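Note that the structure is a prediction, hence the values are computed from the model and not measured.
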Amino acid sequence: MFTNNQRQEERTGKTGTPRLQYLQELVSRFQNATDEHTKERIVANLANFSYDPYNYTSLRQLNVLELFIDCITEPNEKLVEFGIGGICNACAEPKNAASIVEADGIPLIIKCLSSPVRNTVNYALGALYYICDYNRATRNMILRAEVLDLIERYAAAETVCVSFSNLAKAFLDKHAHAIT
């Protein structure tokens, strides 16, 4: 359920932690964490906050989208999964897409298409679906032959993974087949 100011006040009460402060505390804990499991839990928590438009301004202000991009460069597959999940959750918002594009996130998202983790691939397909609409340069970067080839292979793999196939077909219908 999406949040608004009234709902947020009801949930936190008059003495609760304001959302921006809570998110800042999560970011600080992530930055100070040395344990991989702790980092995974924090990024998963931040990714959950990234689906709600109520949090978008705070996420941009705290550079959480850049934190997600950093996570998808890590060798830890859980950090990659949760980082790309956060990106996918937030990128339908044009300002968030702009932050992701400006932080050079597109090549990293494309790289996630080759992950051995199913959720990571699903999130990458979803993120590319939305970010492809950001601008012509981004669209051209995404709609390269090698990327389309990979997405077409996912579209054809419905017996292996229906979610890959459905997302890939939606992507192709909207972005690739529409331009041919």
Side-chain angles (χ1 to χ4, degrees), residues 26-27 30 33 36-52 55-56 59-60 62-176:
L26 285 175
V27 170
F30 177 84
E36 288 292 306
H37 185 65
T38 300
K39 286 183 174 185
E40 292 166 5
R41 284 193 338 260
I42 294 168
V43 173
N45 199 348
L46 287 168
N48 284 336
F49 279 103
S50 70
Y51 83 91
D52 191 340
N55 300 315
Y56 289 168
L59 294 173
R60 286 190 303 273
L62 297 171
N63 297 314
V64 172
L65 298 169
E66 290 81 357
L67 183 147
F68 290 149
I69 290 169
D70 288 344
C71 286
I72 65 176
T73 67
E74 293 292 325
N76 179 326
E77 289 292 347
K78 284 291 186 190
L79 286 178
V80 174
E81 177 185 353
F82 298 143
I84 191 66
I87 289 169
C88 182
N89 286 347
C91 71
E93 161 64 38
K95 289 179 183 177
N96 293 342
S99 294
I100 293 162
V101 170
E102 290 165 12
D104 296 322
I106 301 301
L108 298 170
I109 295 169
I110 291 170
K111 186 176 177 187
C112 288
L113 290 174
S114 300
S115 173
V117 179
R118 286 182 180 222
N119 283 342
T120 299
V121 175
N122 277 331
Y123 294 142
L125 284 166
L128 291 173
Y129 179 89
Y130 289 110
I131 293 176
C132 200
D133 285 332
Y134 177 65
N135 65 27
R136 184 179 300 268
T138 301
R139 182 179 189 84
N140 291 339
M141 189 182 306
I142 294 169
L143 295 180
R144 295 186 336 259
E146 62 271 15
V147 177
L148 288 175
D149 180 57
L150 184 55
I151 293 173
E152 285 171 358
R153 283 190 273 145
Y154 283 131
E158 62 189 44
T159 59
V160 176
C161 186
V162 173
S163 63
F164 289 172
S165 179
N166 289 343
L167 278 168
K169 286 176 183 176
F171 178 93
L172 293 170
D173 287 347
K174 181 172 183 185
H175 299 295

Mind listing the closest non-hydrogen atom pair of [X] and [Y] along with its distance?
X      : Y      : result
Cys71  : Leu79  : CB-O, 3.5 Å
Gly83  : Ile72  : C-CG2, 3.8 Å
Gly85  : Ser50  : O-OG, 4.5 Å
Leu65  : Ala90  : CD2-CB, 3.8 Å
Ile69  : Gly105 : CD1-CA, 4.1 Å
Glu152 : Leu172 : CG-CD1, 3.7 Å

How long is the gap from [atom1] on [X] to [atom2] on [Y], to the nearest 0.5 Å?
X      : Y      : atom1 : atom2 : value
Leu26  : Asn45  : CG    : CG    : 5.0 Å
Asn166 : Cys161 : CG    : SG    : 9.0 Å
Leu59  : Leu46  : CG    : CG    : 7.5 Å
Lys111 : Ile84  : NZ    : CD1   : 12.0 Å
Glu81  : Cys88  : CD    : SG    : 12.0 Å
His175 : Ile151 : NE2   : CD1   : 9.0 Å

Using the side-chain hydrogen bond (donor to acceptor under 3.5 Å, both in side chains) criterion, which residues pair with Glu36? Sequence neighbours excluded.
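Per chain and number, Glu36 pairs via side-chain hydrogen bond (donor to acceptor under 3.5 Å, both in side chains) with Asn76.
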Results of side-chain hydrogen bond (donor to acceptor under 3.5 Å, both in side chains) for Ser165 - residues two or more places apart only:
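For Ser165 there are no side-chain hydrogen bond (donor to acceptor under 3.5 Å, both in side chains) partners, ignoring immediate neighbours.
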Candidate pair Phe82 and Asn48, rule side-chain contact (heavy atoms from CB on, under 4.5 Å), full reasoning:
CA-CA 9 Å; Phe82 298 143; Asn48 284 336; over 6 Å; no
Side chains of [X] and [Y]: closer than 4.5 Å at any heavy-atom pair?
X      : Y      : answer
Ile109 : Ile100 : yes
Cys132 : Leu143 : yes
Leu148 : Phe171 : yes
Val80  : Val117 : no
Ile110 : Glu146 : no
Leu150 : Ser114 : yes
Arg118 : Val160 : yes

Could you go through Val43 and Phe68, starting from their C-alpha distance and side-chain angles, then the distance that decides it, and tell me whether this counts as side-chain contact (heavy atoms from CB on, under 4.5 Å)?
CA-CA 8 Å; Val43 173; Phe68 290 149; 4.2 Å; yes
Identified side chain to side chain contact (heavy atoms under 4.5 Å, CB included) counterpart of Cys112 within the set Thr120, Leu128, Asn122:
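Exactly one candidate clears the test, Thr120.
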Any chance OH of Tyr134 has more than 12 other-residue heavy atoms, nucleotides or ligands included, within less than 6.0 Å?
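Yes.
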Does atom NZ of Lys39 have more than 12 heavy-atom neighbours from other groups under 6.0 Å away?
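Correct, the count exceeds 12.
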Pair Glu158 + Lys169, salt bridge at N-O below 4.0 Å:
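A salt bridge links Glu158 with Lys169.
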For Lys174 and Tyr129, what are the C-alpha separation, side-chain angles and deciding distance, and is it a side-chain contact (heavy atoms from CB on, under 4.5 Å)?
CA-CA 8 Å; Lys174 181 172 183 185; Tyr129 179 89; 3.3 Å; yes
Candidate pair Tyr130 and Ile87, rule side-chain contact (heavy atoms from CB on, under 4.5 Å), full reasoning
CA-CA 10 Å; Tyr130 289 110; Ile87 289 169; over 6 Å; no
Please name all residues satisfying salt bridge (Lys or Arg N to Asp or Glu O under 4.0 Å) with Arg153, sequence neighbours left out, ordered by chain then number.
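Salt bridge (Lys or Arg N to Asp or Glu O under 4.0 Å) check on Arg153 returns Asp149.
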Kindly write out the residues that satisfy ring-ring contact (aromatic ring centres under 6.0 Å, His included) with Tyr123, not counting sequence neighbours, or none if the list is empty.
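Tyr123 satisfies ring-ring contact (aromatic ring centres under 6.0 Å, His included) with no other residue.
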Excluding sequence neighbours, so at least two apart, what forms ring-ring contact (aromatic ring centres under 6.0 Å, His included) with Phe30?
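Not a single residue meets the ring-ring contact (aromatic ring centres under 6.0 Å, His included) criterion with Phe30.
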Do the side-chain N and O atoms of Thr138 and Asn135 include a donor-acceptor pair separated by under 3.5 angstrom?
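Per modelled atom types, Thr138 and Asn135 side chains form a pair under 3.5 Å.
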Which residue pairs pass the side chain to side chain donor-acceptor pair (under 3.5 Å) test with at least one member in residues 86-106, sequence neighbours excluded?
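Qualifying pairs, neighbours excluded: Arg60-Asn96.
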